[in-house]
Asker: 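Could you have a look at this structure, given as structure tokens, before my questions?
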Number of protein chains: 2
Amino acid sequence: MKGLTELLKGVLEGIVLQKIGQGETYGYEITQYLQSIGFEDIAEGTVYTVLLRLEKKELLHVEKRKSELGPPRKFYTLNDSGKYELDKFWEKWFFLSRKLNEIKENDSK
Amino acid sequence: MKGLTELLKGVLEGIVLQKIGQGETYGYEITQYLQSIGFEDIAEGTVYTVLLRLEKKELLHVEKRKSELGPPRKFYTLNDSGKYELDKFWEKWFFLSRKLNEIKENDSK
DNA sequence: CATACTACTTAGTATTACTATTTAGCAAAG
DNA sequence: CTTTGCTAAATAGTAATACTAAGTAGTATG
């Protein structure tokens, strides 16, 4: 899907939070995951900037450990602030989602 | 609803296009409409910048006419490019919406 | 004449995703 | 031993977009 860039703003951060919330993971794996579920146009670099931003906001617990293959990985889990932000994200998303559906429905009347 | 700013990026433009697509309207009315359906935090200035952007992209037909009350209004309708963009917007929105639902569902498994 | 409501504009800022490049560890092929 | 390829992370610079805040103006009401 092309041209999602602007729509992704704000959303991508939520997706990454959600993925981390499902269990310890790291940047490269998150990138692969996004590709696999259909976000083919999201580049690696983009994911890492999101992760660094989330780190800066102190929403993540970080642990750098050696990998069995390749260079060391930074493993992430959500801390309490991260879990809170994730909840907030879904609240906002569902609010917006509901509104947009209403607006669209209004069409056929 | 607070803190929607980042989620609104890309979406607001679509909402405005949709509103114009439902019939000739103008900035102030669009602002009132957004307030009325629950987007209380979207300021007037924001709507006007969206409208000017859409004008610049040549997605709108514009007509400045006198108002019965107050200063003249700029009345907008969608031109063909505008209708096309609106369709594209909904495509992108529903793609994203479906993905997000899938991601969220995955939770309960 | 002052106030309120209508209506639009614009300058400056913050946030965020993208592109492109860089650095680096490890393994297998040649 | 060198090259290639995959894994893994970081970063500088750019573009798009919503926000804040302030301003300009027309009309009506008291």
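Atom set for the values below is all heavy atoms of this structure, side chains included, hydrogens, waters and symmetry mates excluded. Below, chain A is the first sequence line, B the second, and so on; all start at residue 1.
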Asker: Atom CG of B:Leu7 and atom P of D:dC19: how far apart are they, to the nearest Å?
Answerer: 11 Å
Asker: In whole Å, what is the span from the CZ atom of A:Arg73 to the P atom of D:dA8?
Answerer: 4 Å
Asker: In whole angstrom, what separates B:Glu85's CD from D:dT17's P?
Answerer: 10 Å
Asker: Is the shortest side-chain N/O distance from B:Lys64 to OP1 or OP2 of C:dA7 below 4.0 Å?
Answerer: no
Asker: Find out whether A:Leu8 and B:Leu96 are in side-chain contact, i.e. whether some heavy atom of one side chain is under 4.5 Å from a heavy atom of the other.
Answerer: yes
Asker: Below the 4.0 Å mark, does C:dC8 have OP1 or OP2 next to a side-chain nitrogen or oxygen of B:Tyr26?
Answerer: no
Asker: Between A:Glu24 and A:Arg65, is the closest basic N to carboxylate O distance under 4.0 Å?
Answerer: yes
Asker: When every nucleotide of nucleotides 16-23 of chain C is labelled 5' to 3' by its protein contacts under 4.0 Å (heavy atoms), B for base, S for sugar-phosphate only, - for none, what sequence of letters results?
Answerer: BSBBB---
Asker: So does B:Glu40 pair up with B:Lys2, basic N to acidic O under 4.0 Å?
Answerer: no
Asker: Could you write nucleotides 24-30 of chain D as a row of B, S and -, 5' to 3', where a protein heavy atom under 4.0 Å of any base atom gives B, of only sugar-phosphate atoms gives S, and otherwise -?
Answerer: -BBS---
Asker: Any donor and acceptor pair, going by atom type alone, linking the side chain of B:Ser36 with main-chain N or O of B:Tyr33 inside 3.5 Å?
Answerer: yes
Asker: Going through the distances and angles, do A:Lys88 and A:Glu85 end up as a salt bridge (Lys or Arg N to Asp or Glu O under 4.0 Å)?
Answerer: CA-CA 5 Å; A:Lys88 284 287 157 210; A:Glu85 275 309 307; over 6 Å; no
Asker: To the nearest Å, how far apart are B:Gln32 CD and C:dT6 C1'?
Answerer: 9 Å
Asker: Let me know the distance between CD of A:Glu55 and P of D:dA8, rounded to the nearest Å.
Answerer: 17 Å
Asker: At under 4.0 Å, does any side-chain N or O of B:Tyr48 touch on OP1 or OP2 of C:dT9?
Answerer: no
Asker: May I have the distance from A:Lys2 (atom NZ) to D:dA16 (atom P), rounded to whole angstrom?
Answerer: 17 Å
Asker: Side chains of B:Glu55 and B:Tyr76: is there a donor and an acceptor less than 3.5 Å apart?
Answerer: yes
Asker: Would you say that more than 12 heavy atoms from the other residues, nucleotides or ligands in this model lie under 6.0 Å from the CZ of A:Phe94, or not?
Answerer: yes
Asker: Rounding to a whole Å, what distance do you find between B:Gln35:CD and C:dA7:C1'?
Answerer: 14 Å
Asker: Would a distance-only check, ignoring hydrogens and angles, find a side-chain to backbone donor-acceptor pair under 3.5 Å from A:Glu63 to A:Arg73?
Answerer: no
Asker: Mind checking the NZ-CG spacing from A:Lys99 to B:Leu34? Nearest 0.5 Å is all I need.
Answerer: 11.0 Å
Asker: Starting at CG of A:Leu51 and ending at C1' of D:dT11, how long is that distance when rounded to a whole Å?
Answerer: 14 Å
